[in-house]
Amino acid sequence: MSEVENRPTNFIRQIIDADLASGKHNSVQTRFPPEPNGFLHIGHAKSICLNFGIAQDYSGLCNLRFDDTNPEKEDIDYVHAIKKDVQWLGFEWAGDIRYSSGYFDELHGFAVELIEKGLAYVCFLNGEETREYRGTLNKPGKNSPYRDTSVEENLALFEKMKNGECKEGECALRAKIDMSSSFMCLRDPILYRVRFAHHHQTGDKWCIYPMYDFTHCLSDALEGITHSICTLEFQDNRRLYDWVIDNVSVPATPHQYEFSRLNLEYTLMSKRKLNTLVEENLVDGWDDPRMPTIAAFRRRGYTPASMREFAKRIGVTKMENTVEMSVLEACIREDLNDNAPRAMAVLDPIKLVIENYPEGNKEALTVKNHPSDESQGTRIVPFSGELYIEAEDFREEANKKYKRLVLDKAVRLRGAYVITATRCDKDEQGNVTTVYCTYNEYTLGKNPTDGTKPKGVIHWVDAQESLNATVRLYDRLFTVPNPAAESDFHSVMNPESLIVINNAKVEPSLANAKAEQAFQFERQGYFCLDNDIQAEGELVFNRTVGLRDTWAKISK
Ligand code: ATP
Ligand code: MG
């Protein structure tokens, strides 16, 4: 399949195809406009893949623009985190980073233009009165008593607002549109309000800040955005978007198109709620691997390719729906099954002593890094007469379904020999602590000559040479598919969303693991080295995803 045939198709791309065919546009310019008030989440990843993906496929450009008109809630740290996430996903923005705040001078000019045209006025109704005058969906609004103030007076009042002579909440600049419109957003919306707040980009230059609906469309126009793509909750606001564009002297006419936002089962997607999780220390920061943020997925071992693939599979429509977690997990599992090197790690170790192994002997076994991809090469795994195996891989007796180590039965050690268990030691509680076995020295890489073929393969590490590691097993943060529907999400948090194993044993090659690099721990799942390790040389592995979809079974 050629690159072009492989492109996703969706209703937005069809609109663009038509616009290019009709000559309405000669090139495509999109933008991704996050507000720097939190980390980006996987819903934003959908929007990033859509906007940057379109620019890529149509040889157009996509801007990264910080929509920063709420100085109180915003922070420069979020700006840095967002840039990093966009780049990590594999995208490049056109030219310099843009800031809505970079247009504050122009926006002020456009506001003055509206006042001059008699299309905006300074209103002194307080918050409660403004709400009352606005009316409801069933009841038209009433005109503000300040609606007919003269142009000259409005210009003077707006200047006073700008110069810091009005108090916060005392007055606001409003558009003069239609107080009886069936679209609430057209009932003389607020364009500018007074805020004596320090801004992370403009410092203390401004004490009036423009509202989102005024800022966004004009920023789009100033940047020559052709297709301004946003989520469905802005559908009604498109009327206001167009009204502003139609009534000021803009250099270009952008159009807004809406698609349905991503909802993902078992997660919260609102930045406000994610912020609560962080603030209340219910998680270990915005990049805690249980969070749905891009930084968290990165820390957990998800790859940029798997996230782009996810965005492709869920598609772009106008239909609200909730995507199952299994769709996302399938994307990373498929990627890592192909690309993650294998390694051995024992999470719940018990000793395995090979009684007929030559005293003091050591071997360096060569083991394939991937069962089918030769290009991933091999590595050396040390082997001796004392190993660790998983406690759950040994039973004194078991039925035929248990294809692991059983007393008097044979099993293969992955990449090594066939062994037969002979006896075991137990502690006072009856837990097995050491298993004794014999090995068949002729079975390295081949079956026993007596025609027997062991049914199972288990993983192991050398007792002497293995390294201690901490392993974090992550699970869903919530116990219900739609935590956002709960009146209080605290009550549906999964108490077992993180299990920390402190005494895991891993093969020595993992000392060279790099942060965020994924491995398949044989028979356990996919894991990566944590990217926030505190002590030099410490090994902490995060579980990315299990080998199979265990939740599918549970929910059935
Ligand atoms: P939230 O509601 O989660 O706090 P937001 O919409 O306030 O997010 P913005 O920073 O304003 O966050 O979003 C930047 C862009 O990402 C917007 O164009 C927005 O439509 C889009 N976006 C936000 N959430 C989602 C989502 N769940 N799915 C798809 N796109 C999203
Ligand atoms: Mg928003």
Side-chain angles (χ1 to χ4, degrees), residues 39-42 45 81 84-85 88-89 264 266-267 274 277-278 281-307 310 325 328-337 339-349 390 459 461 466-478 493-507 509-551:
F39 275 52
L40 297 181
H41 53 57
I42 188 163
K84 181 171 175 181
D85 288 346
W88 179 76
L89 277 177
L264 187 61
Y266 297 97
T267 50
L274 296 179
L277 289 170
V278 174
N281 289 316
L282 298 169
V283 294
D284 171 27
W286 283 96
D287 66 345
D288 182 303
R290 292 166 292 178
M291 292 280 272
T293 59
I294 296 175
F297 282 114
R298 174 167 64 235
R299 186 171 175 193
R300 189 161 171 166
Y302 274 71
T303 60
S306 67
M307 306 212 55
F310 174 67
M325 202 60 148
L328 176 62
E329 290 180 347
C331 293
I332 186 63
R333 227 180 250 122
E334 286 168 29
D335 180 340
L336 297 183
N337 184 42
N339 299 311
R342 275 44 174 173
M344 290 196 281
V346 176
L347 305 192
D348 183 13
E390 289 305 336
H459 61 274
V461 295
S466 61
L467 304 172
N468 292 323
T470 298
V471 173
R472 299 190 189 126
L473 302 178
Y474 293 107
D475 204 340
R476 313 266 196 270
L477 194 50
F478 297 98
M493 291 195 73
N494 179 4
E496 290 175 4
S497 62
L498 169 60
I499 294 171
V500 180
I501 296 174
N502 284 310
N503 60 335
K505 302 282 182 187
V506 303
E507 62 168 82
S509 73
L510 288 168
N512 302 320
K514 293 188 186 58
E516 299 165 18
Q517 181 196 1
F519 292 89
Q520 184 192 102
F521 286 175
E522 298 262 9
R523 305 178 57 239
Q524 294 285 10
Y526 297 97
F527 294 78
C528 77
L529 190 69
D530 190 47
N531 65 14
D532 189 21
I533 287 192
Q534 302 302 322
E536 173 79 25
E538 192 186 359
L539 292 176
V540 180
F541 291 95
N542 298 333
R543 181 167 69 192
T544 313
V545 67
L547 292 175
R548 278 167 294 276
D549 184 1
T550 48
W551 270 74

Checklist entry - Do R472 and D284 meet the salt-bridge criterion of a basic N to acidic O distance under 4.0 Å? => result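 Result for this pair is no, no salt bridge flagged.
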
Next on the checklist: Between E329 and R300, does any side-chain N to carboxylate O distance fall below 4.0 Å?
Outcome noted: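 Answer for the salt bridge query: no.
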
What is the distance from atom [atom1] of [X] to atom [atom2] of [Y], rounded to the nearest 0.5 Å?
X    : Y    : atom1 : atom2 : result
N494 : Y266 : CG    : OH    : 10.0 Å
L89  : T303 : CG    : OG1   : 10.0 Å
I42  : F297 : CD1   : CZ    : 4.0 Å
N337 : Y526 : CG    : OH    : 4.0 Å

Next on the checklist: Using 30° and 60° as the class boundaries, would you call the ring planes of F521 and F527 parallel, tilted or perpendicular?
Outcome noted: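 F521 vs F527 ring planes: parallel.
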
Answer yes or no: is there a donor N or O on one side and an acceptor on the other, between the side chain of [X] and the main chain of [Y], under 3.5 Å?
X    : Y    : answer
Q534 : D532 : yes
R543 : F541 : no
H459 : A345 : yes
Q520 : R342 : no
N542 : R299 : yes

Go through the structure and list residues passing side-chain contact (heavy atoms from CB on, under 4.5 Å) with [X], not counting sequence neighbours.
X    : value
I533 : L529, D530, E538, V540
V278 : V283, W286, M291
N281 : none

Are [X] and [Y] packed together at the side-chain level, in the sense that at least one heavy-atom pair is separated by less than 4.5 angstrom?
X    : Y    : result
F519 : V506 : no
N468 : L539 : no
R290 : L498 : yes
R333 : V545 : yes

Heavy atoms only: give me the nearest [X]-[Y] pair and the separation to one decimal.
X    : Y    : answer
G301 : L336 : O-CD1, 4.3 Å
T267 : F478 : CA-CD1, 4.3 Å
P341 : A518 : CD-O, 3.5 Å
S466 : V461 : CB-CG2, 3.6 Å
F39  : A295 : CD2-CB, 3.7 Å
T544 : C528 : OG1-N, 4.0 Å

